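Throughout, a chain's letter reflects where its sequence line sits, starting with A, and its residues are numbered from 1. All of these numbers come straight from a predicted model, not from anything done at the bench.
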Amino acid sequence: MSSADARTAVGSARTRIEGPLKLTGAARYSMDNLPPGTLYAVLVGATVASGSVVTIDVAEAKAVAGVVSVLTGEDLPPLGPVLEFPGAPVKKPMEGDQIHFEGQAVAIVLAETLEAAEEARPLVSVAYAAEPVVLPGAGERQFLGAPDGDGTVWWPYGQPFARGDSAAALESAPVRFAASYVQPSRHHNPIETSGTLASWDGDRLTLWDSIQASMLLPPMFASVFGIDPADVHVIAPFTGGGFGCKGFWMHQLLAVAAAKAVGRPVKLHLRRGDQYNATGFQPLMTQRVELGADAEGHLQVYRHRVANITGMVETYLEAATEVKALYECPVIDTAQEIERVTVGMPSPMRCPNEGPGLWALESAINELAHEVGIDPLELRLRNYAEKDPLTGRPWSSKKLREAYAEGAELFGWHGRPRGGRRDGNWLIGTGMASAVGGTMRMPGTARVRLRSDGSVLIETDVQDIGTGLQTLLTQIAADEIGVPIDNIDVAWGDSALPTTGPIYGSSTMHTGSAVALACRELRRELAALSSLADPIEAVRAAGVEEVVGERTSQLPGGVEVDHDGGSTGFSMRTFGASFVEVAVDPMLGLVRLRRAVGSYSVGRIINPKTARSQMLGSFAWGWGKATMEASELDPTTARWLSKDLAGVHIPVNADIPGDITINFVDEYDHHASPIGAKGIGEFGSVGIDAAVAEAVFDAVGVRIRELPITPKRLLDALA
Amino acid sequence: MKRFTYDRPQLEGGAFSLLEQPEASVIAGGTELLNWMRLGIAEPDHLVDIARLPGWGEIALDGETLRIGALATLNKVGEHPLVDAHARALGEACLLAASAQLRNRATIGGNVLQRTRCVYFRAEAPLTWGCNKRQPGSGCAAIAGHSDDAAIFGWSESCAATHPSDPLVALACLDAEAELHSASGVRRLPVCDLHLSQVEAEAEGEDGATAENRLERGELIAAYLIPLRPASRSTYLKVRDRQSFAYSRVTAAASVELEDGVIGALRIALGSVAQRPWRLGRAEQALVGERLEEASLLAAIERDMEEARTLPGSDYKRRLARNAAIRAVMAAGA
Ligand SMILES: Cc1cc2nc3c(=O)[nH]c(=O)nc-3n(C[C@H](O)[C@H](O)[C@H](O)COP(=O)(O)OP(=O)(O)OC[C@H]3O[C@@H](n4cnc5c(N)ncnc54)[C@H](O)[C@@H]3O)c2cc1C
Ligand code: SF4
């Protein structure tokens with residue numbers, strides 16, 4: 001293959017390079033490791049959600065054969081400061097006697113076998129002074145204002161925004177619409193639960209961790225244990241799903257502290273039930289949207305209020321108001337509150353911010369279209385934002401108009417039958433919603449080696465969480481260097497490799513860009529050594545073992561992170577639209593997905609195959625959110641009713657029809673990244689709930705404003 | 001983890017003597033028992049695996065009855081031509097249960113002895129809430145709390161749990177009998193009388209929350225006997241949030257004998273509405289001689305629904321159960 005032919009790798013549908021490893025079981029996940037002498041750890045969780053620990057008696061647990069130690073807070077080594085990371089907890093584990101949520105760790109059992117640790121766990125006898133729990137609806141509400149410098153508001157999202165007098169504008173608007181929308185708490189539920197294996201050698205720490213952001217751990221443990229970050233070695237190539245819950249959490253710190261306390265490697269693999277308390281969840285949220293428009297549906301005012309639950313001491317703001325840049329509107333007024341209840345800390349999950357926010361905004365837009373009497377798509381086009389409505393900045397790239405048009409065409413939106421066509425026992429309805437996503441950019445770093453045998457090795461410390469990123473990196477390198485893609489390999493998942501960004505936000509953007517830049521540097525180096533055009537011939541002619549390029553993709557201003565375009569002068573977001581057809585059985589309260597189209601303007605698509613997989617998978621998550629997924633608290637004890645996948649439903653194959661079309665508008669965003677791409681993530685899940693609720697309304701004429709749309713809610717609404 | 005002994009007797013007699021050990025438990029497919037052991041619901045000292053008992057998994061015609069061995073797996077029952085021909089509702093119920101993997105292990109004997117899916121009951125030990133079924137006398141958190149899945153028939157203040165089985169509802173609708181074997185012999189019991197509602201248990205002087213069926217200690221279900229009714233057609237309807245691998249909100253099995261559009265005989269059993277399959281006796285009687293029409297079904301079934309008592313979360317089940325019953329009867333007669 002000549003180098004000219006090779007430049008078609010980006011944009012071609014490639015199969016995942018790590019696929020065979022996973023299919024054959026050869027992929028080594030963190031918890032597959034077992035260094036000699038490893039102890040198994042099990043957490044003992046508080047059985048009350050509020051109160052304090054009076055005594056802990058570990059004698060009986062310690063007597064179990066195989067149990068080596070039972071650690072309480074007093075047994076841990078002294079802990080230095082916990083760094084504040086966005087969306088991560090800050091309160092040190094097992095410090096003090098206060099209990100803030102059910103399942104909060106109060107002790108750790110360490111044993112030679114997992115069975116012994118499990119046997120001893122219930123024998124740790126803890127006496128509590130219980131206090132009343134605080135449930136959603138009864139918690140203290142707190143308005144989170146602008147950053148006040150004391151570090152409590154580290155989340156750049158969800159700040160209040162006000163332009164114009166919303167009260168007056170609502171008063172005078174010819175058409176007004178207002179409604180409240182509720183969505184339940186939901187857990188991430190990756191198939192692999194979180195786990196940490198920690199091993200100390202003097203002041204050097206080795207970690208095997210199920211994580212999607214391994215670069216967080218060296219600075220964190222350097223701070224907490226007073227060691228050099230360079231002495232923290234993180235090995236984390238494969239992670240069995242993350243969805244936002246695999247950043248930094250306290251079980252990781254506990255595993256490391258326990259290993260230090262007992263002087264042996266410690267493996268803490270969270271049980272499914274533990275994960276319900278230990279690694280966050282998307283919080284229960286109530287949103288109120290008020291819209292004012294003229295008689296033709298042009299928005300005059302948009303007001304959005306959001307309240308989400310959070311823990312008693314840990315603060316997480318689910319920034320659902322971050323959807324406010326979707327429509328052109330002169331008067332915008334958004335604000336958020338948190339409500340403190342006795343639950344663990346919530347965290348970002350599967351398209352945070354816009355996912356929740358669009359459930360409310362896009363539902364309200366659909367309802368407004370109905371009030372005004374025009375097609376919901378037409379209403380959206382009438383309010384199309386040609387530039388960022390908040391800042392007035394031009395978009396770095398936006399082809400939402402094309403995404404709407406192509407999606408509508410693929411779906412047959414314009415010719416669709418309306419209002420509950422009958423098919424046997426089913427009534428058919430259609431609905432749509434827009435999607436908008438923020439852009440979170442971080443620097444990425446990669447090293448690329450071209451060897452004299454023609455092989456290429458990309459080195460960067462990313463993880464694999466199932467998105468296909470590694471394959472994309474080979475595609476980028478193939479085109480940038482001009483070598484056949486099969487010559488390219490990737491080394492990843494080890495902190496000895498160049499440190500790069502996390503596998504959330506937009507990892508293709510930062511690490512993919514770094515690979516492109518490193519390749520370009522490599523080509524420059526090569527050009528200095530040889531004038532031959534073919535890179536493989538050039539490296540041979542140069543008579544060197546290898547040529548290396550290493551680069552960091554910097555952000556403007558050298559910042560560590562920028563949001564929605566940062567200081568580029570452009571507003572940077574992703575866009576899309578979903579169209580769904582559902583069938584509703586009004587007698588039995590059932591909703592079924594018949595077919596759907598997702599159409600997206602998300603920058604350049606590096607690999608249509610993995611991109612489609614991401615969108616399809618997240619579409620399924622969206623269907624789950626719309627119709628079945630919920631974690632409920634017991635109204636007396638504030639314990640999650642189900643801490644497993646039996647009592648919490650997520651979609652199965654049978655729920656997802658084959659007829660789902662994913663469409664990407666042809667696009668290249670020159671400003672977003674050196675490779676023209678933006679982040680996709682789980683963008684396919686955004687807006688599905690609102691589209692489904694609209695389709696249900698179209699089918700049977702009732703509006704369900706609280707998710708999920710279950711048989712119970714439908715039958716209650718239809719009664 | 002608690003230690004236990006494990007035996008796999010080759011003959012019935014061996015099983016019975018092993019079962020005389022204190023705290024002994026039968027294990028068949030183990031799909032339910034192992035979950036109990038994991039969650040702290042059961043802690044047997046001895047497991048007696050009956051999987052090897054010869055002939056206990058067979059499905060065959062025996063005169064005027066279809067005999068289904070207790071060790072037949074749900075997939076085997078669901079895919080068996082004799083079941084399809086004579087007990088369609090049962091085959092459908094089996095194939096709508098659990099997942100393909102589980103159905104390959106789950107036996108139909110163990111299936112009817114699975115316990116409630118009440119989320120409070122299914123929580124991992126230590127329990128932090130009251131559940132009279134788990135800890136007698138501790139109260140019932142479901143009645144005061146999340147009651148969406150609660151029973152609407154036959155429950156008492158002590159417990160409002162439902163029985164979650166699919167096949168059980170079909171067996172009850174088909175008037176099946178259970179053949180019970182023990183060291184002291186063989187007896188037959190109508191499947192409809194195998195389980196107790198909480199109210200029935202209390203009426204018999206038993207504990208409403210923990211007395212769930214009429215099996216004696218050491219007694220095994222060996223088979224189900226289903227009377228052949230060539231003129232009847234049956235079907236099973238399962239209503240659930242997601243389309244596979246989910247327990248039901250409500251289910252309905254119906255068996256209808258029609259002559260020129262007129263109902264000659266009718267049997268309707270509802271599932272997930274009580275701790276036992278719930279036959280709609282009033283409708284079954286009232287509808288004989290009526291034409292098969294939604295309106296007349298509605299009126300008749302409403303009379304059975306008058307007995308329903310709901311909690312705040314379970315009120316929808318009254319309507320859902322009624323509608324499911326109508327739908328199942330219409331489908332069986334279609
Ligand atoms: C995830 C999951 C989903 C499920 N979904 C469904 C569903 O949708 N619908 C449904 O109906 N079921 C469902 N089930 C239940 C499943 O069908 C039962 O667990 C199974 O049928 C039990 O049979 P088993 O042979 O595995 O019983 P075991 O687990 O071996 O035993 C269960 C109980 O029955 C006793 N027992 C077993 N055989 C006999 C016998 N012959 N005589 C006397 N006692 C006996 C045992 O002592 C024990 O008490 C589900 C189960 C799981 C785990
Ligand atoms: S309904 Fe029965 S099983 Fe459920 S909590 Fe109450 S007593 Fe326990």
Side-chain angles (χ1 to χ4, degrees), chain A residues 45-49 102-103 113-116 118-119 121-122 126 271-273 425 585-593 623-624 627-629 632-656 708-716 718-719, chain B residues 1-3 35 38-40 96 98-99 117-130 139 141-142 144-149 237-252 294 298 312-328 330-331:
Chain A
T47 55
V48 300
E102 191 272 337
T113 64
L114 184 59
E115 288 76 11
E118 292 272 5
E119 183 175 343
R121 184 180 63 90
V126 187
R271 298 159 337 127
R272 177 71 58 190
N425 293 320
D585 183 330
M587 259 178 97
L588 304 181
L590 299 174
V591 189
R592 299 296 187 232
L593 184 61
W623 176 254
T627 61
M628 62 185 83
E629 198 184 352
E632 286 186 57
L633 287 169
D634 171 47
T636 308
T637 59
R639 168 177 168 159
W640 296 112
L641 279 177
S642 293
K643 298 186 197 172
D644 54 36
L645 287 166
V648 172
H649 281 171
I650 57 174
V652 294
N653 272 338
D655 294 301
I656 306 302
I709 304 172
T710 56
K712 174 180 162 165
R713 291 216 165 92
L714 258 176
L715 286 175
D716 283 346
L718 286 165
Chain B
M1 186 180 285
K2 185 174 162 176
R3 281 152 194 80
N35 282 331
R38 226 174 274 142
L39 294 168
L96 288 169
S99 67
R117 301 304 302 185
C118 173
V119 287
Y120 294 98
F121 176 79
R122 291 274 163 178
E124 189 179 26
L127 279 201
T128 57
W129 43 51
H146 176 86
S147 55
D148 291 19
D149 303 311
L237 174 71
K238 177 170 183 175
V239 182
R240 49 181 164 177
D241 297 11
R242 75 174 172 197
Q243 296 210 52
S244 177
F245 206 9
Y247 278 99
S248 65
R249 295 273 160 203
V250 158
T251 74
E294 260 190 51
L298 176 69
S314 63
D315 199 49
Y316 75 103
K317 282 178 100 171
R318 185 200 300 261
R319 256 164 299 135
L320 183 54
R322 178 198 67 195
N323 293 351
I326 295 172
R327 189 63 74 70
M330 292 302 293

Under 4.5 Å to a heavy atom of chain A? For B/A125 that would be backbone
Shortest non-hydrogen pair, B/G313 vs A/K712, comes out as O-NZ, 3.2 Å
Closest non-hydrogen contact found for A/R592 with B/R240 is NH2-O, 3.4 Å
Output for pair (B/H146 NE2, A/T636 OG1), nearest 0.5 Å, gives 12.5 Å
Rounded to the nearest 0.5 Å, the OG1 atom of B/T128 sits from the CD atom of A/E102 at a distance of 5.5 Å
Rounded to the nearest 0.5 angstrom, the CZ-CG distance for B/R242 and A/N653 is 11.0 Å
Note to self: Taking the side chain as everything from C-beta on, heavy atoms only, tell me whether B/R3 gets closer than 4.5 Å to A/E119.
What the structure shows: yes
For B/W129 and A/W640, the nearest pair of non-hydrogen atoms, with its separation, is CH2-O, 3.8 Å
Heavy atoms of B/R327 and A/L588 approach each other most closely as NH1-CD1, 3.5 Å
Minimal heavy-atom distance between A/A646 and B/R117, with the atoms involved, is CB-NH2, 3.8 Å
task = State, with a plain yes or no, whether a side-chain heavy atom of A/D634 is found less than 4.5 Å away from one of B/Y120.
result = yes
One option among A/L641, A/V591, A/T47 has the most heavy-atom pairs under 4.5 Å with chain B, and it is A/L641
A/M628 and B/D241 have their tightest heavy-atom pair at CE-O, 4.4 Å
Yes or no on side chain to side chain contact (heavy atoms under 4.5 Å, CB included) for A/D716 and B/R319, after CA distance, side-chain angles and deciding distance? CA-CA 9 Å; A/D716 283 346; B/R319 256 164 299 135; 3.4 Å; yes
Before giving the answer on side chain to side chain contact (heavy atoms under 4.5 Å, CB included), spell out for A/R271 and B/E124 the whole-Å C-alpha distance, their side-chain angles and the decisive distance to 0.1 Å.
-> CA-CA 11 Å; A/R271 298 159 337 127; B/E124 189 179 26; 2.7 Å; yes
If one checks every heavy atom of A/R713 against chain B at 4.5 Å, the contacting part turns out to be neither
(request) Report yes if the side chains of B/K317 and A/L715 come closer than 4.5 Å at any heavy-atom pair, otherwise no. (result) no
Check: Less than 4.0 Å between a side-chain N and a carboxylate O, is that true for B/K2 and A/E118?
Finding: no
Greatest number of non-hydrogen atom pairs under 4.5 angstrom with chain B, of A/I709, A/D644, A/I650, falls to A/I650
When the 4.5 angstrom heavy-atom criterion is applied to A/L590 and chain B, the contacting part is side chain
Answer key: most heavy-atom pairs under 4.5 Å with chain B among A/T627, A/T710, A/D585 is A/D585
